Participant: 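Next up is a structure, given as structure tokens.
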Amino acid sequence: MTDDTNPSAAELLHLRGRTLTKGDPLMPPLTLASMYHLPGDPAGHRGYGRSDNPTWEATEEMLAHLEGAETLLFPSGMAAIAAPFFAFLSAGDRVLLPSDGYYTTRLLADRILAKLGVTFDRRPTAAFAEGGFEGYRLVFVESPSNPGLDLCDIAAAARAVRAAGGITVVDNTTMTPFGQRPLDLGADIVVASDTKAPGGHSDILMGHAASRDADLIAAMKDWRKISGTIPGPFEAWLLHRSLETLELRFDRMCRTAGVVAGRLAQDPRAGSVRYPGLPSDPAHALAQRQMARPGLLIGLTLASAEKAEAFIAACPFLRPATSFGGVHSSAERRERWGDAVAPGFVRLAIGCEPAEELWHAIDRALGEAA
Ligand SMILES: Cc1ncc(COP(=O)(O)O)c(C=O)c1O
């Protein structure tokens with residue numbers, strides 16, 4: 001589908017318009033409320049700020065449209081990831097995690113859930129299906145994985161997990177619903193950090209979980225209400241505003257990432273380059289099948305940690321920052337957080353700068369770092 005013919009993106013901008021009456025603001029009001037006027041029978045009405053908020057509802061409506069499924073907002077990506085774990089797991093359950101995905105998910109497993117009697121196995125994303133899925137209550141997939149950008153065949157994994165009686169949860173943070181729709185591929189739950197491209201301006205943390213299974217949604221909603229892991233209405237309102245330009249920003253980011261990755265792949269100074277959109281990438285064929293866009297992250301492996309740091313420092317259009325998906329391009333050496341990557345591995349997160357300006361800056365910085 002080309003971006004000029006994306007009906008979902010067009011409808012997203014007019015969801016609220018469908019229900020407006022004369023004199024209403026086009027944008028949803030920011031509602032700060034702990035208490036609601038609630039005389040008599042409370043059933044069917046907003047009751048309390050920990051369970052209900054109209055600003056969350058407006059943002060959830062947009063995300064639900066993008067995911068094609070009921071959606072719950074959480075105060076961060078990690079809160080969204082934690083929701084299915086806490087809502088569905090009991091002592092004795094076994095869970096399969098990627099060994100090469102976002103490291104805080106592994107910390108949640110090792111430092112918190114293991115103490116409650118849940119056991120965890122790990123496999124590399126590129127070989128995730130090897131060994132099968134028998135005996136796992138929950139299988140957690142991250143594709144493309146952060147930071148290595150390996151892919152897992154989501155449809156095949158979800159089919160096999162379902163046949164084995166488990167639940168598949170997919171972290172779609174690196175892609176956004178415009179780049180990949182894991183529920184369409186058969187996953188039971190999609191979770192994501194909206195701190196990244198959906199928020200897009202490096203000023204909020206937020207996350208969401210979505211599912212087409214009403215029981216799974218009800219259990220995660222219960223967890224959110226009881227645990228109090230709820231988003232702030234102002235952050236929800238900012239995310240609503242950002243989602244209106246997500247398609248525009250993500251389109252620019254993916255196009256620019258394609259240009260930059262293609263040139264880096266031809267450039268010996270950049271070392272080996274990972275980008276699922278490159279025909280030479282080992283995951284390209286799978287990317288073509290399951291991803292609508294190739295994404296905004298590029299992996300490059302420079303010769304040493306020093307060269308990688310020098311490259312980042314020399315480029316005026318790369319913020320030396322962790323996280324990704326903001327309008328400003330950024331880069332970091334992931335080994336500094338302990339990720340199992342080469343010391344010179346740089347995760348490049350493409351932002352919204354015009355492609356040629358960004359490329360010239362990257363090209364010059366590579367020259368200076370060489
Ligand atoms: C793939 C992935 N999942 C989840 C998260 C966690 O998101 P948050 O920082 O919003 O909690 C991140 C953050 O970098 C991430 O990269």
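Nothing here was measured: the structure is a model prediction, and the numbers come from that model. Counting starts at 1 for both ligands and their atoms, following the listed order.
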Participant: Under a 4.0 Å N-O cut-off, is there an ion pair linking Arg364 with Glu357?
Facilitator: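 Salt bridge absent between Arg364 and Glu357.
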Participant: Under 3.5 Å between any N/O of Leu205 and any N/O of ligand 1: does that happen in this structure?
Facilitator: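 In fact, backbone or side chain, Leu205 has no N or O that close.
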Participant: To the closest 0.5 Å, what do you measure between CG (Leu108) and CZ (Phe86)?
Facilitator: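 These two atoms lie 5.5 Å from each other.
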Participant: Check this for me: does any side-chain nitrogen of one of Glu309 and Arg333 sit under 4.0 Å from a carboxylate oxygen of the other?
Facilitator: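 Salt bridge flag = yes for Arg333 with Glu309.
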Participant: Considering only heavy atoms of Glu142, which atoms of ligand 1 have at least one such atom less than 4.0 Å away?
Facilitator: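 By the 4.0 Å cutoff, the relevant atoms are 1 (C).
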Participant: What's the shortest distance from atom 15 (C) of ligand 1 to any protein heavy atom, and which residue and atom give it?
Facilitator: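 Its nearest protein heavy-atom neighbour is Tyr102 CG, 3.5 Å.
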Participant: Going by the atom numbers of ligand 1, which of them fall below 4.0 Å from some non-hydrogen atom of Thr195?
Facilitator: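 Listed by number with element: 8 (P), 10 (O).
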Participant: Just say parallel, tilted or perpendicular for the rings of Phe85 and Phe120, cut-offs at 30° and 60°.
Facilitator: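 Geometry flag for Phe120 against Phe85: perpendicular rings.
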Participant: Under a plain distance cut-off of 3.5 Å, with no hydrogens placed, do Asp93 and Tyr136 share a side-chain donor-acceptor pair?
Facilitator: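 Per modelled atom types, Tyr136 and Asp93 side chains form no pair under 3.5 Å.
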Participant: Taking distance alone, with no angle check, do Thr174 and ligand 1 share an N/O pair under 3.5 Å?
Facilitator: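 Thr174 vs ligand 1: no N/O contact under 3.5 Å.
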Participant: Establish, from distance only, whether the side-chain atoms of Thr173 and Asp171 form a donor-acceptor pair under 3.5 Å.
Facilitator: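 There is such a pair between these side chains.
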Participant: Give me the nearest non-hydrogen protein atom to atom 1 (C) of ligand 1 as residue plus atom name, then the distance to 0.1 Å.
Facilitator: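 In this structure, atom 1 (C) of ligand 1 has Asp171 OD2, 3.5 Å as its nearest protein heavy atom.
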Participant: Determine, for Arg46 against Asp52, whether the closest basic-nitrogen to carboxylate-oxygen distance falls under 4.0 angstrom.
Facilitator: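 Result for this pair is no, no salt bridge flagged.
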Participant: Could you check atom 14 (O) of ligand 1 against the protein and tell me its nearest heavy-atom contact, residue, atom and distance included?
Facilitator: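 It is Lys196 NZ, 2.6 Å.
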Participant: Considering only heavy atoms of Asn146, which atoms of ligand 1 have at least one such atom less than 4.0 Å away?
Facilitator: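 Those qualifying, in numeric order: 15 (C), 16 (O).
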Participant: Under 4.0 Å from a heavy atom of Ile81: give me the atoms of ligand 1 that qualify, with their elements.
Facilitator: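 It comes down to these atoms of ligand 1: 3 (N), 4 (C).
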Participant: Taking atom types as modelled, is there a side-chain donor on Asn146 or Thr174 under 3.5 Å from an acceptor on the other?
Facilitator: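 No, no side-chain donor-acceptor pair sits under 3.5 Å.
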Participant: Please list, in number order, the atoms of ligand 1 under 4.0 Å from a heavy atom of Phe324.
Facilitator: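 Near Phe324, meaning under 4.0 Å from one of its heavy atoms, ligand 1 has 16 (O).
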Participant: To check your reading of the model: name the closest protein heavy atom to atom 11 (O) of ligand 1, its residue, and the distance in Å.
Facilitator: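 That would be Met78 N, 2.8 Å.
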Participant: Which residue supplies the protein heavy atom nearest to atom 8 (P) of ligand 1, what is that atom called, and how far is it?
Facilitator: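 Answer for atom 8 (P) of ligand 1: Gly77 N, 3.4 Å.
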